[in-house]
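Below you'll find the structure, written out as structure tokens, and then a few comments.
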Protein chains: 2
Amino acid sequence: MYTIGDVAKATNLPTKTVRYYADIGLVIPSGRSTNGYRLYSGKEINKLIFTRRARSFGFSVQECRELLGLYEDKDRSSRDVKAIALHRIAEIEEKLLELRSLHQELTHLADSCNGDNRPDCPIISGMSG
Amino acid sequence: MYTIGDVAKATNLPTKTVRYYADIGLVIPSGRSTNGYRLYSGKEINKLIFTRRARSFGFSVQECRELLGLYEDKDRSSRDVKAIALHRIAEIEEKLLELRSLHQELTHLADSCNGDNRPDCPIISGMSG
DNA sequence: CCTTGACCTTCCAGTTACTGGAAGCATTAC
DNA sequence: GTAATGCTTCCAGTAACTGGAAGGTCAAGG
């Protein structure tokens, strides 16, 4: 069992956010210590890491709730879980393409900066005419 | 020159957001029509597409302002631009790793859903013990 | 024993980045 | 000529934090 500070370190989330996620019922600590401290298990830590990643790619808290729910809802059929997961995977693949595009744009910019004079913006001036 | 609706289509941003970015001075339309409509050129459209991508990967509006500024600030040295760009590129590469990780986790989950009975969560139960 | 510092708690206000809706003017389509 | 669509401003609301105050807890040092 870990206190919120340990959890923050392990998940790379601010304590404020971990507390917030507990408040809104997204990731609830498995218990409280006698002095009222939130106590988290490895399971919650994994949920929080998963949530941090999903959030950082634009999935809303509500969508994170759904994704986390995929693993917990014993009543949901295997087929449903797969359908939702595949839908999200498609979204993630699109995000991967966009992220590579962003990467390439910035790399191109950085590459253009070898000398002392900088060319026009390769992205913006590219189409501006 | 494009009106805000055309811009919304081209950039895949809501008109509300395009207007908001104009209000906060992030991407300012190149002019106004006689009837007061915002008019955008291809250059602004490219800025908006760039911004949408950067925003969707967690760069703040302020950071987008800085990134867009890299291309416009004639006073900034080539060296500075390169340094900032490389810093952002490192961040993006980290995001790429995380996004692949998320992709893999969900793929693993989807793959586990071939039959009718679903296994325990491969991510969450993995470490929970 | 006491205090210093680093934890933790709740609560409440503020921020960022939109987002929805009302009221109204402009243009196109029938 | 009027209905639909698209634009305008303005203002209020929401999502997801984020900062700060006020205070309890606990291990270490004097």
Side-chain angles (χ1 to χ4, degrees), chain A residues 1-41 44-45 47-69 91 95 98 102, chain B residues 1-41 44-45 47-69 91 95 98 102:
Chain A
M1 292 300 206
Y2 310 90
T3 60
I4 206 163
D6 302 331
V7 172
K9 257 168 234 153
T11 60
N12 208 20
L13 282 169
T15 55
K16 277 275 184 188
T17 303
V18 178
R19 219 171 272 127
Y20 173 72
Y21 287 163
D23 289 349
I24 62 169
L26 183 64
V27 179
I28 299 164
S30 48
R32 295 269 180 156
S33 71
T34 48
N35 53 30
Y37 290 12
R38 287 172 186 78
L39 293 175
Y40 292 85
S41 71
E44 276 83 48
I45 289 181
K47 282 185 175 190
L48 286 166
I49 292 171
F50 181 86
T51 301
R52 177 179 57 71
R53 282 207 276 257
R55 285 288 302 127
S56 87
F57 296 112
F59 292 106
S60 70
V61 164
Q62 188 47 48
E63 286 166 332
C64 290
R65 218 183 275 271
E66 189 184 313
L67 285 167
L68 290 175
E91 284 177 14
K95 277 170 188 294
E98 297 238 51
L102 199 60
Chain B
M1 291 300 207
Y2 309 90
T3 59
I4 206 164
D6 301 332
V7 171
K9 258 168 233 154
T11 60
N12 208 19
L13 282 169
T15 55
K16 277 276 184 186
T17 302
V18 177
R19 218 172 271 127
Y20 173 73
Y21 288 163
D23 289 348
I24 63 170
L26 183 65
V27 179
I28 298 165
S30 46
R32 294 270 180 154
S33 71
T34 48
N35 53 30
Y37 290 11
R38 287 172 185 79
L39 293 175
Y40 292 85
S41 71
E44 277 84 47
I45 289 181
K47 281 186 176 188
L48 286 166
I49 291 171
F50 181 86
T51 301
R52 177 180 57 72
R53 282 206 275 257
R55 284 289 301 128
S56 88
F57 295 110
F59 291 105
S60 70
V61 164
Q62 188 48 47
E63 287 166 332
C64 290
R65 219 183 274 273
E66 189 183 314
L67 286 167
L68 289 174
E91 284 177 14
K95 278 170 187 293
E98 296 237 52
L102 197 60

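On a predicted model such as this, the values are computed, not experimentally measured, just so you know. In what follows, every chain begins at residue 1, and chains take the letters A, B, ... in the order their sequences are listed.
Contact record, B/A22 with B/Y40: CB-OH, 3.9 Å, taken as the closest heavy-atom pair.
Distances shorter than 4.0 Å separate none of the side-chain N or O atoms of A/R65 from OP1 or OP2 on D/dA16. The phosphate of C/dC8 has neither OP1 nor OP2 within less than 4.0 Å of any side-chain N or O from A/N35.
Across the protein-nucleic acid pair, A/I4 atom CD1 and C/dA6 atom C1' stand 15 Å apart, rounded to whole Å. Atom CZ of B/R32 is separated from atom P of C/dA26 by 14 Å (rounded to the nearest Å). Between B/R38 atom CZ and D/dC7 atom P the separation is 10 Å, expressed in whole Å. Remark: P of C/dC8 and CE of A/M1 are 16 Å apart, rounded to the nearest angstrom. Atom CG of A/N12 is separated from atom P of D/dC17 by 14 Å (rounded to the nearest Å). Protein atom CG of B/L39 is 17 Å distant from nucleotide atom P of D/dG6, rounded to whole Å. Between the OH atom of B/Y37 and the C1' atom of D/dC7 there is a distance of 4 Å, given to the nearest Å.
Comparing A/T15 and B/T34 against DNA chain C, the residue whose closest nucleotide sits nearer the 5' end is A/T15.
Within 4.0 Å of A/T3, counting heavy atoms only, lie sugar-phosphate atoms of the nucleic acid but no base atom. Using a 4.0 Å heavy-atom cutoff across all strands shown, A/R19 reaches at least one base atom of the nucleic acid.
Under the 3.5 Å distance criterion, the side-chain polar atoms of A/E98 are left unmatched by any main-chain donor or acceptor of A/K95. A distance-only check finds no donor-acceptor pair linking the side chain of A/K47 to the backbone of A/L68 [under 3.5 Å]. B/R38 places no side-chain N or O within donor-acceptor distance of the main-chain N or O of B/T3, the cut-off being under 3.5 Å. Here the side chain of A/R55 pairs a donor or acceptor atom with the backbone of A/F59 at under 3.5 angstrom. Between the A/T11 side chain and the A/V7 main chain, a donor and an acceptor come within less than 3.5 Å of each other.
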- What string of B, S and - do you get for nucleotides 17-23 of chain C 5' to 3' if you count protein non-hydrogen atoms under 4.0 Å? BBSBB--
- Apply side chain to side chain contact (heavy atoms under 4.5 Å, CB included) to the pair B/K9 and B/Y2, showing each step before the final yes or no. CA-CA 10 Å; B/K9 258 168 233 154; B/Y2 309 90; over 6 Å; no
